[in-house]
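Keep in mind that the numbers below use all heavy atoms, side chains included, and drop hydrogens, waters and symmetry copies.
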Amino acid sequence: MKIEVTDTPDPLALALVGDNLSAFNVQDVGPAERRALAVLVRDRGKVAAGISGYTAWGWLYVQWLWVDESLRGQNMAARMLQAAEDEATARGCHGAYIDTFNPTALKVYQRQGYQPFGTLPDFPKGRTRTFLAKGLNPPEA
């Protein structure tokens, strides 16, 4: 046995780890039904804002949310979040989560209805990473 630590992992080794964890999770809690979800705002064909995330196990995870400076202060983040939440709801999701260490983004997410459920102080140093979640309403029958 040898424990290896590297900053250049073999992609096949990473795939093996991911595939085996996924197989374990499927056996443990059922299939994730993971699907990518992106919301893109284009200005003359160029991406000017966007969300990248995915849905799995009934949840939307917003991994990245970015708004170009030229669009900030125009409610773009909230509009993109709403679009992502609407798609997640259509996919059958009952909740959404996101994290940030930016105080301005934290306020935006809270105005959108996200509530903090955990924090990591000094991540990065001098900031607090906040984890937030909100329930999503199922579509009307």
For D43 against A48, the heavy-atom pair lying closest together
CB-CB, 4.2 Å

Side chains of L106 and T128: does their closest heavy-atom pair fall under 4.5 Å?
no

Is any side-chain heavy atom of E33 closer than 4.5 Å to a side-chain heavy atom of W57?
no

Should we count CZ of R34 as having more than 12 external heavy atoms under 6.0 Å?
no

What are the two closest non-hydrogen atoms of Y61 and D99, and how far apart are they?
OH-OD1, 3.3 Å

Under 4.5 Å between any side-chain heavy atoms of V62 and L81, yes or no?
yes

Evaluate the ring planes of F117 and F131, with Trp represented by its six-membered ring, and classify them as parallel (under 30°), tilted (30 to 60°) or perpendicular (over 60°).
tilted

Side chains of L65 and M80: closer than 4.5 Å at any heavy-atom pair?
yes

Do we get R127 above F101's six-membered ring, with its NZ or CZ under 6.0 Å from the centre and within 45° of the axis?
no

Partners passing side-chain hydrogen bond (donor to acceptor under 3.5 Å, both in side chains) against T104 (at least two apart in sequence or in another chain):
none

All heavy atoms of T130 vs all of P116, minimum pair found to be CG2-CB, 3.8 Å

Do Y114 and I51 share a hydrophobic cluster (ILVMFWY, side-chain heavy atoms under 4.5 Å, transitive)?
yes

With rounding to the nearest 0.5 Å, note down the distance linking CG in D19 to CG in L14.
10.5 Å

How far apart are the closest heavy atoms of A78 and V108, and which atoms are they?
N-CG1, 4.5 Å

Scan for salt bridge (Lys or Arg N to Asp or Glu O under 4.0 Å) pairs involving residues 7-16, sequence neighbours excluded, and state none if there are none.
none

Is there a donor-acceptor contact under 3.5 Å linking the side chains of D68 and S70?
yes

Give the C-alpha distance, both sets of side-chain angles, the deciding distance and a yes or no for side-chain contact (heavy atoms from CB on, under 4.5 Å) between Q115 and L132.
CA-CA 5 Å; Q115 298 297 314; L132 305 100; over 6 Å; no

Side-chain touch K134/Q112, heavy atoms, less than 4.5 angstrom:
yes

What pair of heavy atoms forms the shortest contact from A49 to V67, and how long is it?
CB-CA, 3.9 Å

Please check if L60 and V41 belong to a single hydrophobic cluster, counting links between Ile, Leu, Val, Met, Phe, Trp and Tyr side chain heavy atoms closer than 4.5 Å.
yes

In this structure, NE2 of H94 is separated from CG of N137 (nearest 0.5 Å) by 12.5 Å

Smallest heavy-atom separation, A105 atom then T100 atom, equals CB-OG1, 3.5 Å

Report yes or no: do R35 and T55 form a side-chain donor-acceptor pair below 3.5 Å?
no

Tell me, do L37 and V39 make a side-chain contact under 4.5 Å, heavy atoms counted?
yes

Any chance you could measure R91, atom CZ, to Y54, atom OH, to the nearest 0.5 Å?
12.5 Å

Could you tabulate the donor-acceptor pairs under 3.5 Å formed by side-chain atoms of residues 23-30, not counting sequence neighbours?
none

